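As the structure is a computational prediction, the values presented were derived from the model and not from experiment.
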Amino acid sequence: MKNILITALILFTCLACNVNELDFSDLEKPKLQQTVAIPLGTISYTMRELIDKIGDTSLDLQEDSTSLIQLNYYDTASFDSGEDIIFIDDVLNSESIYVDATPASSESQVIQVLDNFTFNYPSEDNKQVDSVFYKAGQMTLTVSSYLSQDISYDIAIQNTRRVSNDTPVQFSGNLAGNSSASSSIDLSGHKTFLAFSETEGNTFSLDADISIFLNPGESIAQNDSIAITLVYEDQEFEILYGKFGQDRINVGNETLDVKFFSDLGESGLRFGSPEINFYFSSSFGLPMGVLFDGMYAVDSAVSGNDTIYLQGDATVDPQVVDAAASPGQFVASVVTLNPENSSLRELLGVSPNTIGFSLTALTNPEDASASNFVMDTSRISTNIEMKLPLELSLDNLTREIDFDLGDGLSFDETDSVSIRVVTENEFPFSAQLGLQILNENDSILHEVASNLIVEIPFLNLQGIVTQSRKQVSDVPLNKDGIEALKVGKKLNLILTLNTPKGNRDVFVKVLADYKIDIKVSAVGKLNIEL
């Protein structure tokens, strides 16, 4: 300390002795640099808060034991039209009985005519029907006589019987010559049993017992006849049994609105292990193989709404929904879509705002000859559960953050202006930053292209963040940008997010407590010469 004081005294003495001889004209004047910063805003979110901020009431947010976030969406669909599986229209059959020629006699005669007919009971596409039980409908028999003589008739339809006592339907009556008569029964409480052959289809029989009364001197001419017409009409069925074969039918057309994707706004988000579960409950007495080739997503990208259809094994291989074992029983089946049996990952990768389920099914997908039943109350209901664990891959996914500029910012005395972004990031993404200065109509006054602004934090091999990353980045503005700040109303930051890239898909895990802090300021630097 003593030596320092001595040296300072010697230097001062020398300067004092020669001060008039010193020349400062060649010395450069020092500059002072002052930084003026105007805070524009701060955001701080955990991932849990960001998801909650979306405000999607249909979104069920869950966390597992590791705090991994899982998003769940739910919807329902139903199908209850048995007529789409088998349809039977009105059944009409007519037949004529030609009576043998009978010569006149001096005495009265009674001619007995016994006949049996095989009638058709057609179904759509000639599907085999073993039996039907009616809820409603009408059977009408019309007998028309082209004889001059009176007749009486007893006609039995052995295949249609009353359920309560198993007695066949019979029609009896008397008919004057050259006349006709009709009579009907209510089909409710009845059943019809049918025979089937490939050549004739579904058939049943009718037995006719007719008595013709001839007075003395009366005869029957050749080709005189009696016509019988039998109609089943307006049938409604409680239950149908048969072998209904393979047929493709529609089993639901529902849409699921996904606000989570709508909020993201465009594609670039891929889930590592998405899953959609369909919980089917069916009381149809036939198995159905659901085909998902009609499942689609409507792309919410700003460039337009494009429809993307699901592909993969689940769209060509029927996913079986089991048959109920007995009438009135419901059977549960679960069908799962995932990246192993479908292009679900790619379907969700377009960030759809709507997912549609225009589902079709193949009846009896494994055995076309299986025995089936369908009731009037048969239905399939489906609870749809979409599970989205946040194991993500991001590829240039963009998010926008707005900051208010008030009436504009003026840096008239500054030599340079930058937008300073200070981040502390635990989100397992990197981000490039672009910015726009907008006017009151959201028109762009100035724009700066993307620069790397947020680096990815430190991850372990499981894709878990082990340490956050802090960063300070300045985005310089040119003269046009500085002028735009004076009149701009809004600063729009555009973050382009990416996860690490590799030779294979890399999916990072997003935990609920991951946090990001972003502070944004406008910084001007003023150089002052002394």
Side-chain angles (χ1 to χ4, degrees), residues 45-77 254-280 292 295 297 300 310 312 314 319 334-357 382-395 397 399 425-429 456-457 459-466 497-500 504-516:
Y45 288 116
T46 64
M47 182 55 70
R48 183 186 295 109
E49 290 169 338
L50 280 175
I51 299 297
D52 286 339
K53 188 175 181 288
I54 293 175
D56 188 348
T57 56
S58 62
L59 174 65
D60 177 25
L61 177 62
Q62 297 183 1
E63 301 174 22
D64 68 10
S65 58
T66 68
S67 293
L68 177 69
I69 294 177
Q70 177 171 291
L71 309 179
N72 289 354
Y73 280 87
Y74 304 97
D75 201 359
T76 60
E254 299 292 329
T255 58
L256 176 61
D257 294 328
V258 189
K259 184 175 175 56
F260 171 76
F261 287 116
S262 300
D263 188 69
L264 290 176
E266 60 178 82
S267 60
L269 171 66
R270 281 162 54 86
F271 289 89
S273 52
E275 183 177 284
I276 300 182
N277 294 310
F278 295 82
Y279 298 95
F280 289 97
F292 288 89
M295 180 175 165
S300 60
L310 189 73
Q319 308 297 300
V334 181
V335 173
T336 298
L337 297 181
N338 53 45
E340 282 67 49
N341 64 5
S342 69
S343 61
L344 183 60
R345 187 179 289 161
E346 290 70 26
L347 188 85
L348 298 177
V350 301
S351 296
N353 52 10
T354 300
I355 298 176
F357 306 96
T382 312
N383 290 322
I384 304 170
E385 174 192 52
M386 183 165 65
K387 300 170 66 174
L388 304 174
L390 290 192
E391 299 178 37
L392 305 177
S393 171
L394 303 185
D395 185 14
L397 177 70
R399 300 290 289 130
N425 179 37
E426 288 182 347
F427 288 2
F429 321 131
I456 196 165
L459 305 174
N460 62 20
L461 294 177
Q462 289 72 45
I464 301 294
V465 174
T466 58
L497 305 176
N498 285 277
T499 48
R504 58 181 180 83
D505 287 332
V506 177
F507 296 97
V508 297
K509 296 182 178 180
V510 180
L511 305 188
D513 293 325
Y514 283 168
K515 185 178 181 180
I516 189 168

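- Put simply, the residue from Arg345, Arg270, Glu275 that forms a side chain to side chain contact (heavy atoms under 4.5 Å, CB included) with Pro339 is Arg345.
- The main-chain N or O of Thr382 is never found under 3.5 Å from a side-chain atom of Asp75 such that the two would form a donor-acceptor pair.
- Put simply, the side chain of Leu347 does not reach to within 4.5 Å of the side chain of Pro352, judged on heavy atoms.
- A distance of 14.5 Å separates OG1 in Thr76 from OH in Tyr279, rounded to the nearest 0.5 Å.
- Using a 4.5 Å heavy-atom threshold, the side chains of Pro500 and Ile456 count as touching.
- For the residue pair Asn277 and Glu385, a side-chain donor N or O sits within less than 3.5 Å of a side-chain acceptor on the partner.
- Summarising the geometry of Pro389 relative to Ser273, their closest heavy-atom pair is CD-O, 3.5 Å, with the distance given to 0.1 Å.
- In terms of heavy atoms, Asn425 sits closest to Ile516 at OD1-CD1, 3.6 Å.
- The distance from atom NZ of Lys509 to atom CG of Asn460, rounded to the nearest 0.5 Å, is 8.5 Å.
- Ile276 is listed as a side-chain neighbour of Leu344, based on a closest heavy-atom distance under 4.5 Å.
- For the pair Phe271/Leu390, a side-chain contact is recorded, criterion being any heavy-atom separation below 4.5 Å from C-beta on.
- With hydrogens and angles left out, the side-chain atoms of Gln70 and Asn72 include a donor and acceptor closer than 3.5 Å.
- Residues Met386 and Ile355 meet the side-chain proximity criterion, which asks for heavy atoms closer than 4.5 Å.
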Audit row: Phe427, Val510, side-chain contact (heavy atoms from CB on, under 4.5 Å) steps and yes/no: CA-CA 7 Å; Phe427 288 2; Val510 180; over 6 Å; no

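- Here CE of Met295 is found 9.0 Å from CG of Leu256. Values are rounded to the nearest 0.5 Å.
- By the side chain to side chain donor-acceptor pair (under 3.5 Å) test, Glu391 is found to be paired with no residue, residues two or more places apart in sequence or in another chain being considered.
- For Asp64, the side chain to side chain donor-acceptor pair (under 3.5 Å) partners are Thr66, not counting sequence neighbours.
- Atom CZ of Phe429 and atom CG of Leu392 lie 5.5 Å apart (nearest 0.5 Å).
- One distance of note links CG of Leu511 with CD of Glu63; it measures 9.0 Å at 0.5 Å rounding.
- For the pair Ile464 and Tyr514, the minimum side-chain heavy-atom distance is below 4.5 Å.
- At a threshold of 4.5 Å between non-hydrogen side-chain atoms, the residues Leu348 and Val350 do not count as touching.
- Identified under the ring-ring contact (aromatic ring centres under 6.0 Å, His included) test for residues 334-357, with sequence neighbours left out: Phe278-Phe357.
- Atom CG of Asn338 and atom NZ of Lys387 lie 11.0 Å apart (nearest 0.5 Å).
- Residues Asp513 and Thr46 are not in side-chain contact: their nearest non-hydrogen atoms beyond the backbone lie 4.5 Å or more apart.
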